[in-house]
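Comments concern the structure below.
Quick note: numbers below take in every heavy atom, side chains included, and nothing from hydrogens, waters or symmetry partners. Please read these numbers as outputs of a predicted model, since none were measured by experiment.
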Amino acid sequence: QVQLVESGGGLVQAGGSLRLSCAAAGRTFSSYVMGWFRQAPGKEREFVATISRSGGSTYYADSVKGRFTISKDNAKSTVYLQMNSLKPEDTAVYYCAAGRSGFPIVRGRDYDYWGQGTQVTVSS
């Protein structure tokens with residue numbers, strides 16, 4: 001069992017930056033592939049980024065590639081999402097997730113645990 005708690009969301013102007021954190025409770029954090037997803041109002045949840053168990057490999061959605069960076073600190077049981085050059089279309093609730101399948105995991109249904117989400121709002 002893994003419990004995930006996101007933080008770091010907020011309101012930012014277009015072009016600004018935010019860093020999201022997702023803290024995991026549990027002693028097996030390093031055994032999970034971690035991912036970030038987002039869901040905007042009226043839209044389906046979409047994949048944002050994923051990182052391998054060791055943190056050595058990452059994979060991004062085309063819409064965020066070059067602007068967002070996913071990283072993890074296994075010693076702190078935390079995964080991060082650094083978001084730069086934010087755009088109004090990045091506005092959404094952002095969720096982190098943990099999965100036991102092989103890296104990369106891009107489908108939400110392949111993740112086993114989810115956080116409660118954190119709101120990110122980008123104003124124009």
Side-chain angles (χ1 to χ4, degrees):
Q1 188 83 8
V2 177
Q3 294 180 325
L4 304 172
V5 179
E6 302 96 335
S7 61
L11 173 64
V12 64
Q13 289 187 331
S17 298
L18 280 175
R19 188 175 84 154
L20 305 183
S21 299
C22 174
R27 291 179 290 180
T28 59
F29 177 76
S30 61
S31 65
Y32 290 92
V33 171
M34 300 299 296
W36 286 96
F37 286 74
R38 66 186 181 186
Q39 187 166 21
K43 295 187 177 181
E44 293 186 353
R45 181 179 60 193
E46 66 171 348
F47 166 77
V48 175
T50 183
I51 189 166
S52 63
R53 289 170 175 80
S54 68
S57 298
T58 57
Y59 184 78
Y60 298 91
D62 287 343
S63 58
V64 306
K65 200 174 297 182
R67 300 188 297 123
F68 290 11
T69 302
I70 187 172
S71 61
K72 69 183 316 205
D73 186 334
N74 284 335
K76 295 182 178 180
S77 297
T78 302
V79 62
Y80 305 97
L81 186 68
Q82 178 67 44
M83 306 185 294
N84 299 329
S85 302
L86 282 161
K87 304 174 182 179
E89 51 263 44
D90 294 318
T91 295
V93 177
Y94 282 71
Y95 300 89
C96 73
R100 289 172 288 199
S101 300
F103 173 84
I105 308 176
V106 299
R107 298 185 306 186
R109 64 185 182 189
D110 292 331
Y111 282 87
D112 301 287
Y113 303 104
W114 292 84
Q116 82 290 347
T118 185
Q119 176 71 46
V120 171
T121 303
V122 184
S123 63
S124 56

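Of all non-hydrogen atoms in Ser124 and Ala14, the two that sit nearest each other are CA-CB, 4.4 Å. Counting all heavy atoms, side chain and backbone alike, Asp73 lies closest to Tyr80 at CB-CE1, 4.2 Å. Of all non-hydrogen atoms in Phe29 and Ala24, the two that sit nearest each other are CD1-CB, 3.4 Å.
A single hydrophobic cluster is seen to contain both Val64 and Leu86, as judged by linkage of ILVMFWY side chains at heavy-atom distances under 4.5 Å, directly or through other members. Both Tyr113 and Ile70 belong to a common hydrophobic cluster when Ile, Leu, Val, Met, Phe, Trp and Tyr are linked at side-chain heavy-atom distances under 4.5 angstrom. Leu18 and Tyr60 fall within the same hydrophobic cluster, defined by Ile, Leu, Val, Met, Phe, Trp and Tyr side-chain heavy atoms under 4.5 Å apart, directly or through other members. Cluster membership check: Val12 shares its hydrophobic cluster with Tyr94, using side-chain heavy-atom separations under 4.5 Å among Ile, Leu, Val, Met, Phe, Trp and Tyr. Under the 4.5 Å side-chain heavy-atom criterion for grouping Ile, Leu, Val, Met, Phe, Trp and Tyr, Val120 is connected to Leu81 within one hydrophobic cluster.
In terms of modelled atom types and a separation under 3.5 Å, the side chain of Gln116 and the main chain of Val5 share no donor-acceptor contact. The backbone N or O of Val122 lies less than 3.5 Å from a partner atom in the side chain of Thr91, making a donor-acceptor pair. The main-chain N or O of Ser123 is never found under 3.5 Å from a side-chain atom of Gln13 such that the two would form a donor-acceptor pair. Thr50 contributes a side-chain N or O that, together with a main-chain N or O of Met34, makes up a donor-acceptor pair within less than 3.5 Å.
With sequence neighbours excluded, no residue forms a salt bridge (Lys or Arg N to Asp or Glu O under 4.0 Å) with Glu89. Looking at residues two or more places apart in sequence or on another chain, you find a side chain to side chain donor-acceptor pair (under 3.5 Å) between Thr121 and Gln119. When the ring pair (Phe, Tyr, Trp, His ring centres under 6.0 Å) test is applied to Tyr95, no partner is found at least two apart in sequence or on another chain. Residues passing the side chain to side chain donor-acceptor pair (under 3.5 Å) test with Lys43, sequence neighbours excluded: none. In this view, Tyr32 satisfies the side chain to side chain donor-acceptor pair (under 3.5 Å) rule with no residue, not counting sequence neighbours. For Gln82, the side chain to side chain donor-acceptor pair (under 3.5 Å) test picks out Asn84, with sequence neighbours left out. Residues passing the salt bridge (Lys or Arg N to Asp or Glu O under 4.0 Å) test with Arg107 are Asp110, sequence neighbours excluded.
Contact of the Phe37 side chain with the Tyr111 side chain is registered, since non-hydrogen atoms from C-beta on lie closer than 4.5 Å. Put simply, the side chain of Leu20 reaches to within 4.5 Å of the side chain of Met83, judged on heavy atoms. Contact of the Trp114 side chain with the Arg45 side chain is registered, since non-hydrogen atoms from C-beta on lie closer than 4.5 Å.
Identified under the disulfide (SG to SG under 2.5 Å) test for residues 8-124, with sequence neighbours left out: Cys22-Cys96. Sorted pairs that involve residues 33-79 and meet disulfide (SG to SG under 2.5 Å), not counting sequence neighbours, are lacking altogether. For the disulfide (SG to SG under 2.5 Å) condition, no pair includes a residue of residues 52-89, sequence neighbours left out. Listed by first and then second residue, the disulfide (SG to SG under 2.5 Å) pairs that reach into residues 24-61 come to none, sequence neighbours excluded. Sequence neighbours left out, the pairs with a member in residues 91-106 that pass salt bridge (Lys or Arg N to Asp or Glu O under 4.0 Å) are Arg100-Asp112.
Separation of atoms CD (Gln39) and CD (Glu44) is listed at 8.0 Å; rounding is to 0.5 Å. One distance of note links CZ of Arg53 with OG1 of Thr28; it measures 10.5 Å at 0.5 Å rounding. Interatomic distance, CZ of Phe47 versus CZ of Arg38, reported as 11.0 Å (0.5 Å rounding). Here the OG1 atom belonging to Thr78 is positioned 10.0 Å from the CG atom belonging to Leu4, to the nearest 0.5 angstrom.
Within 6.0 Å of atom OH in Tyr59, 12 or fewer heavy atoms from other residues, nucleotides or ligands are found, so the atom counts as exposed in its surroundings.
A salt bridge does not link Lys87 with Asp90: every distance from a Lys NZ or Arg NE/NH1/NH2 to an Asp or Glu carboxylate oxygen is 4.0 Å or more.
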